[in-house]
Amino acid sequence: MPWTLLVIAGLLEVCWAIGLKYTEGFTRLVPSVLTVAAMVGSVVLLAMAMKSLPVGTSYAVWVGIGAVGTALLGMALFGEPVNAARLVSLGLVVAGIVGLKLSSPA
């Protein structure tokens with residue numbers, strides 16, 4: 001269960017990171033409210049996962065999911081550059097996340 005919470009927390013991190021773009025500096029009400037809700041939900045679920053998982057592993061996986069997801073959506077939604085170096089780099093982050101999961105005691 002803690003890993004499920006951690007993955008959901010990471011996905012919510014992607015939501016709020018992308019949501020920040022749509023808030024236009026928190027000047028748009030609905031995107032701002034949704035973004036703040038995703039922020040709170042993400043941190044709460046991260047904290048719940050940290051009850052059972054090591055702090056370093058939890059934080060690294062949370063950030064990794066957020067970074068990879070946000071980068072991929074940035075490419076898909078905002079036309080950010082897609083090239084081999086970026087994709088390989090994101091693959092390395094994913095490999096690190098998998099490595100942390102496989103080496104975790106919980």
Side-chain angles (χ1 to χ4, degrees):
M1 187 64 157
W3 280 100
T4 301
L5 295 175
L6 186 57
V7 168
I8 295 169
L11 294 174
L12 284 172
E13 184 185 6
V14 174
C15 292
W16 70 255
I18 294 297
L20 283 173
K21 181 80 168 174
Y22 291 105
T23 69
E24 295 180 12
F26 290 103
T27 61
R28 298 180 61 214
L29 180 62
V30 173
S32 296
V33 169
L34 293 173
T35 297
V36 170
M39 288 175 173
V40 170
S42 180
V43 172
V44 167
L45 291 176
L46 173 62
M48 291 171 63
M50 282 185 177
K51 287 182 183 179
S52 303
L53 298 173
V55 66
T57 299
S58 300
Y59 187 74
V61 169
W62 180 69
V63 169
I65 292 169
V68 170
T70 302
L72 290 174
L73 283 177
M75 292 177 213
L77 298 175
F78 305 123
E80 294 176 3
V82 179
N83 57 52
R86 288 189 78 177
L87 296 176
V88 168
S89 297
L90 290 173
L92 291 171
V93 175
V94 171
I97 293 169
V98 171
L100 287 169
K101 167 62 173 121
L102 294 176
S103 65
S104 176

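In this chain, numbering begins with 1 at the start of the sequence shown.
Leu5 and Leu11 fall into different hydrophobic clusters, where Ile, Leu, Val, Met, Phe, Trp and Tyr residues are linked whenever their side-chain heavy atoms come under 4.5 Å apart, directly or through other members. Taken together through direct or relayed side-chain contacts under 4.5 Å among Ile, Leu, Val, Met, Phe, Trp and Tyr, Leu87 and Ile97 form part of one hydrophobic cluster. Hydrophobic cluster membership is shared by Val68 and Val63, with clusters built from Ile, Leu, Val, Met, Phe, Trp and Tyr side chains linked at under 4.5 angstrom. Tracing side-chain contacts under 4.5 Å through hydrophobic residues (I, L, V, M, F, W, Y), one reaches Val93 starting from Leu100; they form part of the same cluster. Cluster annotation: Ile65 and Leu53 are assigned to the same hydrophobic cluster (Ile/Leu/Val/Met/Phe/Trp/Tyr, side-chain heavy-atom contacts under 4.5 Å, transitive).
For the atom pair OG of Ser58 and CG of Leu6, the computed distance is 5.5 Å after rounding to the nearest 0.5 Å. The line from NZ of Lys51 to CG of Leu46 is 12.5 Å long, rounded to the nearest 0.5 Å. Atom CG of Leu34 is separated from atom CG of Leu29 by 9.0 Å, given to the nearest 0.5 angstrom. Atom CG in Leu45 sits 6.5 Å away from atom CD1 in Ile8 (nearest 0.5 Å). Note that CZ of Arg28 is 9.0 Å distant from OH of Tyr22, once rounded to the nearest 0.5 Å. With values rounded to the nearest 0.5 angstrom, Trp16 atom CH2 is found 8.0 Å from Thr70 atom OG1.
Nearest heavy atoms, Leu90 versus Leu72: CD1-CD2, 3.8 Å. Considering every non-hydrogen atom in both Glu13 and Trp62, the closest pair reads OE1-O, 2.7 Å. In plain terms, the two heavy atoms of Pro2 and Ala49 that are nearest each other are O-CB, 3.5 Å.
Within the 3.5 Å criterion, the main-chain N or O of Leu20 finds a donor-acceptor partner in the side chain of Thr23.
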